[in-house]
Amino acid sequence: MLFHSSLRKELSRSFGATLVVLVTIVMTMMLIRTLGLASKGSVNPSEVFLVMAYTVLGYMPTVLSLCLFISIVGTLSRMYRDSEMVIWFASGRGLGDFAVPLLRFAWPVLLLIAAFALVGWPWANSQTLGMRAQYEQRSDIERVAPGEFRESAGRYRVFFIDKDTPDSATANNVFISSVERNTHIITSAKTGRIEDHEGARFLMLRNGQRVERPLAPTGLKISEFETYGARVGSNIDTAGDTTPVRARTTLTLLRDLNNVSRGELAWRIGMLFAGMNFVLLGLTLSSVNPRVGRSGNLLFALFAFVIYYNLLNLGQNWVGGGRVGMLSFMLALHGGVFVLGLLWLVKRHHNWSPFRRRRGLASKASGHS
């Protein structure tokens with residue numbers, strides 16, 4: 001039908017343009033953020049674009065929901081402004097008749113939102129956290145740049161090496177300044193090498209000197225050594241599951257239904273319900289006066305999206321903290337918005353107005369009199 005095909009075609013163009021703009025904005029913001037993390041030493045500089053790509057992938061449920069909402073509101077507002085809606089209404093179409101073509105256009109986007117929220121979001125977070133953890137757990141010698149003073153992973157030691165070495169686990173002319181048990185220790189050695197012993201990582205120094213001076217000026221101890229081992233970094237294997245909840249798979253959250261897992265599930269599943277409600281809200285919020293323009297209407301729609309999204313994040317914290325149940329929150333938020341949008345749509349479809357009814361009753365009363 002001409003009605004369905006023309007509407008879906010215009011929605012597709014609007015959705016594609018909005019998606020390109022929003023993804024570009026998000027990529028720019030994530031690039032700036034990732035470069036800041038790289039400058040602080042939290043991200044490997046050679047993996048900046050990879051981390052940025054994973055981060056953008058994790059934000060795709062929100063981006064797709066916003067694109068769907070903006071495309072619907074923008075398209076229908078344009079039709080109101082150009083009086084196309086008046087033509088469709090005059091031909092026997094009501095506002096409720098637009099729901100079917102909108103849902104036919106939106107269902108692939110809703111499937112993508114569900115896939116990204118349930119699968120893509122935890123996978124992207126796990127990849128990003130894995131790269132950051134691997135970079136954070138690199139040896140202290142790998143952190144050091146020749147000719148520069150650098151802090152260790154625990155920020156309780158300062159390292160310095162004199163020149164480049166054949167590999168990342170070896171250093172020449174090593175200088176270490178640390179504070180341990182209220183004692184300032186300065187260690188220097190000709191060579192140093194990273195070695196692993198019983199699950200721990202050690203820096204083995206050879207042919208050096210160690211100076212120990214208590215923070216309280218009570219004496220000085222100087223010793224020379226041929227071989228000296230100093231523990232650096234953390235254990236290679238960590239016990240227990242310390243994976244953040246946002247990086248756990250949806251199946252893992254379903255098997256471990258504690259409050260934090262329920263809160264994360266409420267957010268992931270809620271993104272799908274929010275996308276469905278945005279279709280309904282976009283249909284009801286798109287009415288615009290042709291004489292006024294549509295900028296105010298778009299701002300109001302954006303304001304509604306921000307409120308809904310913030311309520312979704314707030315509910316995740318409430319469910320995770322045990323203040324409210326998962327089902328109760330989802331029913332109150334998503335069910336409440338759906339009922340409100342449906343009632344609003346029915347009212348506008350039938351063109352119900354309490355003020356118009358009052359004027360009609362007043363005119364009838366005056367006619368009888």
Side-chain angles (χ1 to χ4, degrees), residues 15-16 18-40 42-71 106 108-136 241-256 260-278 302 305-306 308-320 326 330 333-334:
F15 180 83
T18 306
L19 181 62
V20 170
V21 172
L22 289 183
V23 169
T24 303
I25 294 175
V26 173
M27 289 182 63
T28 303
M29 296 174 59
M30 292 302 103
L31 178 60
I32 296 174
R33 177 183 175 185
T34 308
L35 289 175
L37 293 175
S39 65
K40 295 178 182 178
S42 300
V43 174
N44 191 345
S46 62
E47 298 176 345
V48 167
F49 289 99
L50 189 59
V51 173
M52 181 195 67
Y54 285 135
T55 306
V56 173
L57 184 64
Y59 280 98
M60 284 307 295
T62 305
V63 172
L64 290 174
S65 299
L66 183 57
C67 287
L68 181 62
F69 191 42
I70 291 178
S71 62
V109 182
L110 295 176
L111 288 180
L112 285 176
I113 292 174
F116 278 116
L118 298 178
V119 180
W121 165 258
W123 181 79
N125 286 326
S126 64
Q127 295 297 316
T128 303
L129 293 174
M131 289 189 297
R132 293 183 62 176
Q134 183 178 3
Y135 189 65
E136 285 288 338
D241 184 13
T242 59
T243 305
V245 66
R246 69 179 185 273
R248 300 177 187 175
T249 63
T250 303
L251 293 178
T252 302
L253 297 179
L254 290 173
R255 287 194 296 262
D256 184 21
V260 179
S261 298
R262 288 190 179 95
E264 180 67 17
L265 282 174
W267 186 88
R268 296 182 187 181
I269 301 176
M271 288 302 301
L272 174 60
F273 291 143
M276 298 171 62
N277 284 334
F278 284 140
L302 183 60
F305 176 87
V306 171
Y308 199 153
Y309 187 73
N310 286 335
L311 287 176
L312 187 60
N313 292 330
L314 183 62
Q316 178 185 5
N317 295 330
W318 284 352
V319 175
M326 173 182 169
M330 296 184 67
L333 178 60
H334 306 293

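Surrounding CE of M52 are more than 12 heavy atoms belonging to other residues, nucleotides or ligands, all under 6.0 Å away. Other residues, nucleotides and ligands contribute at most 12 non-hydrogen atoms within 6.0 Å of the CZ atom of F273. Residue-environment remark: OH (Y308) exceeds the threshold of 12 foreign heavy atoms within 6.0 Å. Within 6.0 Å of the CH2 atom in W267, the count of heavy atoms belonging to other residues, nucleotides or ligands exceeds 12.
Side-chain contact between T249 and L253 is absent, with no heavy-atom pair separated by less than 4.5 Å. Taking the side chain as every heavy atom from C-beta outward, L64 and M271 never approach each other to under 4.5 Å. Contact of the V48 side chain with the L31 side chain is registered, since non-hydrogen atoms from C-beta on lie closer than 4.5 Å. Contact of the P244 side chain with the N125 side chain is not registered, since no non-hydrogen atoms from C-beta on lie closer than 4.5 Å.
The nearest pair of heavy atoms linking A266 to L312 is O-CD1, 4.2 Å. Among all heavy-atom pairs drawn from A124 and G58, the shortest one is CB-N, 4.0 Å. Closest approach of T24 to T28, counting heavy atoms only: O-OG1, 2.8 Å.
Side-chain contact, T62 with S65: no donor N or O sits under 3.5 Å from an acceptor N or O.
To the nearest 0.5 Å, atoms CG (L302) and CG (L66) are separated by 6.5 Å. Taken from CZ in F116 to CH2 in W123, the straight-line distance is 10.5 Å, to the nearest 0.5 Å. Note: L118 CG to L265 CG = 8.5 Å, rounded to the nearest 0.5 Å. With values rounded to the nearest 0.5 angstrom, I113 atom CD1 is found 9.0 Å from M60 atom CE. Rounding to the nearest 0.5 angstrom, the gap separating the CZ atom in R248 from the OG atom in S126 is 12.5 Å. Expressed to the nearest 0.5 Å, how far CG of L110 lies from CG of L68 amounts to 6.0 Å.
Paired with Q316 under the rule side chain to side chain donor-acceptor pair (under 3.5 Å), one option of R262, E264, R268 passes, and it is E264. With respect to Y54, the side-chain contact (heavy atoms from CB on, under 4.5 Å) criterion is satisfied by exactly one of M30, Q127, E47: Q127.
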Next item on the list: List the steps, then state whether side chain to side chain contact (heavy atoms under 4.5 Å, CB included) holds for T250 with I269.
Entry: CA-CA 10 Å; T250 303; I269 301 176; over 6 Å; no
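The backbone N or O of T252 sits nowhere less than 3.5 Å from a side-chain atom of D256 that would complete a donor-acceptor pair.
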